[in-house]
Amino acid sequence: MTIWLVILSVVGALGIASWCGTIWALKTSKPWATWAATAIVAVETSVALSALLVEDTSGDTGLAPSLGTIGLPCVAGFVAVALMWKPRP
């Protein structure tokens, strides 16, 4: 279980750093910000799905009970990116 804690901690820290960087890029009107946010959502979704579907040494799914609400952060990311791509008045 310790390796899962390390993986989740590293992925969580990278996620927080990347979203903070995206917020900064949007506030300073960087032209690459929406593309970066789209890439972040794609990576976060693939990492979440792979963590959810990988089997541990016992043959059970590794993080299914821990990540039962995995869809909620991904949906929030999709909504945020959709709003970024929406034309501004």
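Just so it is clear, the values below take in all heavy atoms, side chains as well, and ignore hydrogens, waters and symmetry mates.
Through direct or indirect side-chain contacts shorter than 4.5 Å among Ile, Leu, Val, Met, Phe, Trp and Tyr, W24 is connected to W32.
Proximity of a side-chain donor or acceptor of S46 to a complementary backbone N or O of V43 within less than 3.5 Å is detected.
Under the 4.5 Å side-chain heavy-atom criterion for Ile, Leu, Val, Met, Phe, Trp and Tyr, F78 and V11 are members of distinct hydrophobic clusters. V41 and V47 fall into different hydrophobic clusters, where Ile, Leu, Val, Met, Phe, Trp and Tyr side chains are chained together by heavy-atom contacts under 4.5 Å.
Remark: V79 pairs with V75, L83 by the side chain to side chain contact (heavy atoms under 4.5 Å, CB included) rule, at least two apart or across chains. Applying the side-chain hydrogen bond (donor to acceptor under 3.5 Å, both in side chains) test to T38 and every residue at least two apart in sequence or in another chain returns W85.
Among residues at least two apart or in separate chains, side chain to side chain donor-acceptor pair (under 3.5 Å) pairs with a member in residues 11-23 are W19-E44.
Summarising the geometry, atom CG belonging to L14 is positioned 10.5 Å from atom CD1 belonging to I40; distances are rounded to the nearest 0.5 Å.
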